[in-house]
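So the structure is just underneath, and the comments pick up after that.
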Amino acid sequence: MTVRIAVVEDILSANDQLAAVNRARLGAAGVLGINLMASPGAGKTSLITRTVIALRDEYRIGAVDGDIATTLDADRIAALGVPAVQINTGGNCHLDAVMLQSALPRLPLDDMDLLIVENVGNLVCPASFDLGTHRNVLIASVPEGDDKPYKYPVMYRGVDALVLNKMDVISAFDFDVEYFRRGVEVLNPGLSFFPLSCKTGEGLTAWLDWLRKEIRDYVSGNPR
Ligand code: MG
Ligand code: ZN
């Protein structure tokens with residue numbers, strides 16, 4: 001048992017060292033990196049699509065898409081006219097810093113302001129693997145239920161912003177937003193929270209304004 005734990009700790013510490021290298025690489029290029037995490041089907045690609053369409057005239061955006069088997073998501077994003085790199089994880093259920101490191105040379109970092117990383121759909125292990133991005137964002141969605149902060153506390157504890165997607169269907173579900181938020185507040189007090197619908201566009205403005213502010217703060221704290 002002790003041996004197994006030591007091995008896990010070694011893997012995580014090697015990952016953290018590589019994550020620091022990735023973060024320095026992004027910093028040298030003046031790129032803010034965002035790690036988007038969620039369960040499968042919560043709307044990661046939809047939020048990226050909405051975000052790219054809204055901000056592509058303001059910022060130079062690139063994307064990295066982690067996917068177990070397909071290039072479907074990267075294709076959707078590349079169709080918007082921004083560089084998008086697919087990381088095929090070969091069945092692995094999360095991205096790690098090595099995978100992101102392999103993707104970075106395939107992006108025009110020096111001509112980018114924002115990198116959006118779509119992690120593999122999973123509410124467990126992505127929380128344990130720092131990629132070297134600067135902000136972690138979790139997307140929850142109404143159909144998943146309002147108990148997820150209680151069931152996946154590690155994921156909710158480690159993020160800088162929380163999106164609640166699919167608000168357009170909330171009347172069809174027993175989703176108690178106050179119960180959900182109470183669970184979040186215990187784990188991550190004051191967490192920025194954006195209920196929205198990628199389908200209708202409702203609530204997107206607040207999310208986009210948060211992202212603009214994060215880019216501004218990052219650039220001013222990281223003069224080139
Ligand atoms: Mg996706
Ligand atoms: Zn995993």
Side-chain angles (χ1 to χ4, degrees), residues 4-5 7-16 18-19 22 33-56 61-103 107 114-133 135-144 148 151-159 161-166 168-169 194 196-199 201 204 207 211:
R4 196 188 73 85
I5 289 167
V7 169
V8 171
E9 282 174 354
D10 284 351
I11 290 169
L12 288 175
S13 119
N15 182 78
D16 285 353
L18 265 181
N22 290 345
I34 303 275
N35 176 24
L36 271 187
M37 298 176 287
S39 63
K44 293 183 296 303
T45 313
S46 298
L47 186 67
I48 295 172
T49 301
R50 280 283 192 178
T51 302
V52 167
I53 290 171
L55 297 183
R56 66 186 165 190
I61 306 172
V64 167
D65 267 89
D67 199 293
I68 290 176
T70 73
T71 64
L72 291 172
D73 292 350
D75 293 347
R76 264 175 80 188
I77 294 162
L80 304 173
V82 299
V85 171
Q86 180 77 39
I87 299 176
N88 193 319
T89 66
N92 207 334
C93 52
H94 58 266
L95 292 181
D96 61 25
V98 180
M99 296 183 210
L100 184 60
Q101 186 185 44
S102 73
L107 285 166
L114 175 65
L115 171 67
I116 305 177
V117 179
E118 177 174 349
N119 215 309
V120 179
N122 179 340
L123 284 181
V124 184
C125 34
S128 302
F129 289 86
D130 184 6
L131 303 181
T133 48
R135 304 284 187 274
N136 290 313
V137 175
L138 175 61
I139 308 173
S141 67
V142 167
E144 291 167 47
K148 289 301 168 290
K151 289 190 168 176
Y152 299 94
V154 176
M155 183 62 88
Y156 279 80
R157 203 176 277 132
V159 295
L162 172 63
V163 168
L164 178 58
N165 189 23
K166 309 192 187 182
D168 54 297
V169 297
F194 305 104
L196 54 79
S197 165
C198 287
K199 182 162 186 181
L204 274 166
W207 155 251
L211 203 46

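Residues: numbered from 1 along the sequence shown. Computation of the quantities below employed the complete heavy-atom set of this structure, encompassing side-chain atoms and omitting hydrogens, waters and symmetry-equivalent molecules. We count ligands from 1, going down the list as the structure has it; atoms in each ligand are counted the same way.
With 2.8 Å as the limit, Asp73 counts as an N, O or S neighbour of the Mg ion (ligand 1). Contact annotation: Thr45 places an N, O or S atom under 2.8 Å from the Mg ion (ligand 1).
One distance of note links OG of Ser39 with CD1 of Ile139; it measures 9.0 Å at 0.5 Å rounding. Between the CG atom in Leu131 and the CD atom in Gln101 there is a gap of 12.0 Å [rounded to 0.5 Å].
Contact annotation: the side chain of Thr45 never approaches that of Leu72 to less than 4.5 Å [non-hydrogen atoms, C-beta and beyond].
Nearest N/O/S atom of His94 relative to the Zn ion (ligand 2): this is ND1. Looking only at its N/O/S atoms, Glu118 has OE2 as the one nearest to the Mg ion (ligand 1).
Note: Phe194 and Trp207 have perpendicular aromatic rings, judged against thresholds of 30 and 60 degrees for the angle between ring planes.
At the Zn ion (ligand 2), the angle from SG in Cys125 to SG in Cys93 is 110° when rounded to 10°.
Within the 3.5 Å criterion, the main-chain N or O of Gln86 finds no donor-acceptor partner in the side chain of Asp67.
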